[in-house]
Amino acid sequence: MLNEVLTYEASTATPDKMLMIESAQYSALDLARLCGVPPYLVGVATGAYAYTSSEQSRADLYIFGVKPYAECIASTLSMNNVLPRGTYVRFDSESYLAENYAADYKENQPQENTQEALA
């Protein structure tokens, strides 16, 4: 009892009992199917699926997420009414797919300040 007029009764409703988690998973899975991407790219656990490396995940993200838009942009920019005749635009996707983020991550870590404070 909070006061003489207002009382509180504990609720036993939780998101899993209200099927909110399952509905979010279902909607995300439908989104993945609609967009033609693997479910793990939208964060849906589909049960048993093969392990994918980070390189394969990056390739999947490029192939299923970015490539259609990049090709459309490159085709549009390559048109004769946008750029001079014979000029073509092409994105360098090989460098993105070949990057080694583990090495880059180690290089970009902040270094400890080893200088002593001047008194």
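Treat the numbers as computed from the prediction; the structure is a model and nothing was measured.
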Only counting residues at least two apart or in another chain, list the ones meeting salt bridge (Lys or Arg N to Asp or Glu O under 4.0 Å) with R85. none

Residues in side-chain contact (heavy atoms from CB on, under 4.5 Å) contact with L29, at least two apart in sequence or another chain: R33, P39, V44, T46

With sequence neighbours excluded, give me every salt bridge (Lys or Arg N to Asp or Glu O under 4.0 Å) pair touching residues 35-46. none

Does Y26 belong to the same Ile/Leu/Val/Met/Phe/Trp/Tyr cluster as L31, with side-chain heavy atoms less than 4.5 Å apart forming each link? no

Could you list the donor-acceptor pairs under 3.5 angstrom formed between side-chain atoms of residues 74-83 and any protein atom two or more places apart in sequence or on another chain?
unit_1: S75; atom_1: OG; unit_2: E71; atom_2: O; d: 2.9
unit_1: T76; atom_1: OG1; unit_2: C72; atom_2: O; d: 2.8
unit_1: S78; atom_1: OG; unit_2: A74; atom_2: O; d: 2.7
unit_1: S78; atom_1: OG; unit_2: V89; atom_2: N; d: 2.8

Restricting to side-chain contact (heavy atoms from CB on, under 4.5 Å), what partner residues turn up for D92, sequence neighbours left out? E94, S95

Under 4.5 Å between any side-chain heavy atoms of F91 and I73, yes or no? yes

Kindly work out whether a path of hydrophobic side-chain contacts (I/L/V/M/F/W/Y, heavy atoms less than 4.5 Å apart) joins L6 to Y8. yes

